[in-house]
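Data block below; observations after.
Side chains are part of it too, since the values below use all heavy atoms of this structure and drop only hydrogens, waters and symmetry mates. Labels below follow one simple rule: chain letters A, B, ... track the order of the sequence lines, proteins then strands, and each chain is numbered from 1.
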2 protein chains.
Amino acid sequence: MEIRIGDLAKRSGCEVVTIRYYEKEGLLPKPARSGGNFRLYGDVHIERLQFIRHCRSLDMTLGEIRTLLGLRDNPTQDCGEVNALLDDHIQLVEVRVAALLQLKQHLLALREKCSGARPVDACGILQGLSKRSRPTGEASFAAARTSRGSSTSQI
Amino acid sequence: MEIRIGDLAKRSGCEVVTIRYYEKEGLLPKPARSGGNFRLYGDVHIERLQFIRHCRSLDMTLGEIRTLLGLRDNPTQDCGEVNALLDDHIQLVEVRVAALLQLKQHLLALREKCSGARPVDACGILQGLSKRSRPTGEASFAAARTSRGSSTSQI
DNA sequence: TAGAAACTCTATAGTAGCTATAGAGTCAAG
DNA sequence: CTTGACTCTATAGCTACTATAGAGTTTCTA
């Protein structure tokens with residue numbers, strides 16, 4: 001059973017270009033080609049792409065996924081590395097949540113400085129932003145930084 | 001009082017290249033130049049860069065900051081737009097927190113599938129990742145996606 | 001069987017917010 | 001007068017894609 005890239009895209013819920021991108025990045029093996037040079041995928045590719053997309057839906061980086069795929073392809077050792085990778089990932093998420101919650105507190109504090117429709121000159125928010133912020137101890141919010149991407153659809 | 005880019009970097013806690021980047025992006029006005037073509041900054045630049053860095057520490061995008069700077073530079077209208085921008089930003093943070101918390105639940109559920117040091121072939125995590133995940137309703141975690149940047153230091 | 005629509009191909013550039021590098025010029029101290 | 005610290009411009013790289021151009025292939029319809 002061989003399908004073309006468009007069908008694989010529909011099945012996996014990701015874009016055609018993304019599949020080609022994964023191939024270029026070495027996450028998906030190069031598939032066979034038809035007479036007209038179209039990519040032809042089989043069950044192995046379908047399962048592997050599902051694996052990748054599931055990992056992505058859990059917000060793993062392509063680097064982490066590469067590691068997991070490597071462990072899957074080399075099933076000699078024990079799965080301690082898999083556990084460790086996932087534990088690290090969970091911890092990362094926890095750090096991000098904490099940073100975001102603190103960030104939200106700062107934003108709310110700032111928001112309270114202006115409630116009305118006064119002229120911009122007198123706006124407490126803009127004035128608050130000009131000062132060298134030190135409301136409760138200026139943490140680094142780098143961990144909270146996010147992309148505003150479109151949805152990662154289901155597989 | 002005119003300082004060079006390195007001093008401004010030290011004062012603001014951001015890199016020299018970042019300052020030049022902000023200038024290129026039109027967030028910082030082009031400064032005067034010395035005889036040797038070095039940038040010379042005054043109080044106006046210092047305050048403006050502090051404003052920018054504070055906004056960045058609150059995780060605003062350069063686009064949002066551009067808007068705020070525009071409102072600051074055009075102080076004719078009321079500050080309703082400032083409020084609205086901040087409200088949007090707060091809401092965005094809330095959405096991200098919710099997405100991350102759900103993500104964490106999925107990760108923890110996955111993590112429970114393997115606890116021991118069994119061979120990778122039998123690892124419940126890898127097997128869980130191969131299946132077309134639908135643990136409790138596969139949300140889109142796009143809002144939780146983050147960069148793992150270095151710290152945004154204080155100003 | 002011709003033509004058009006739908007699909008696929010490669011290659012390249014763009015996104016955000018920087019960071020890193022190369023290669024050259026400037027300035028102050030010893 | 002040389003050393004070292006600083007600055008300059010321009011370019012490429014990072015993540016995980018997305019968008020575009022221009023060409024070829026396959027499939028459907030008239």
Salt-bridged, [X] to [Y], with N to O below 4.0 Å?
X: D73(B); Y: R48(B); result: yes
X: E64(A); Y: R56(A); result: no
X: K104(A); Y: D59(B); result: no

State whether [X] places a side-chain N or O below 4.0 Å from either non-bridging phosphate oxygen (OP1 or OP2) of [N].
X: T18(A); N: dT18(D); value: yes
X: Y21(A); N: dT15(D); value: no
X: R20(A); N: dC9(C); value: yes

Between [N] atom [atom2] and [X] atom [atom1], what is the distance in whole Å?
X: L27(B); N: dG17(C); atom1: CG; atom2: C1'; value: 11 Å
X: E15(A); N: dT8(C); atom1: CD; atom2: C1'; value: 15 Å
X: L8(B); N: dC6(D); atom1: CG; atom2: P; value: 15 Å
X: K24(A); N: dT15(D); atom1: NZ; atom2: P; value: 12 Å
X: L58(B); N: dG17(C); atom1: CG; atom2: P; value: 14 Å
X: E23(B); N: dC18(C); atom1: CD; atom2: C1'; value: 16 Å
X: I52(A); N: dT15(D); atom1: CD1; atom2: C1'; value: 16 Å
X: E2(A); N: dT8(C); atom1: CD; atom2: P; value: 14 Å

Shorter than 3.5 Å, N or O on both sides, protein versus nucleotides 22-30 of chain C: list them out with atom names.
unit_1: dC27(C); atom_1: OP1; unit_2: G36(B); atom_2: N; d: 3.3

Exercise for the section: Could you pick out which residue, R39(A) or Y22(B), lies toward the 5' side of DNA chain C when each is mapped onto its nearest nucleotide? Expected result: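 With R39(A) and Y22(B) compared, the 5'-side residue is R39(A).
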A side-chain contact here means heavy atoms from C-beta on lying under 4.5 Å apart; do [X] and [Y] qualify?
X: V16(A); Y: L8(A); value: no
X: R20(B); Y: R39(B); value: yes
X: R66(A); Y: E25(A); value: yes

Handout entry: Set of side chain to side chain donor-acceptor pair (under 3.5 Å) partners for Q91(A), sequence neighbours left out
Key =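 For Q91(A), no residue satisfies side chain to side chain donor-acceptor pair (under 3.5 Å) once neighbours in sequence are set aside.
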Exercise for the section: Would you classify E25(A) as touching base, sugar-phosphate or nothing, given that sugar-phosphate means primed atoms plus P, OP1 and OP2, and contacts are heavy atoms under 4.0 Å? Expected result: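 No contact.
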Handout entry: Candidate nucleotides dA16(D), dC9(C), dT19(C), ranked by approach to the side chain of L62(A) - the nearest
Key =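 Taking heavy atoms from C-beta onward, the closest nucleotide is dA16(D).
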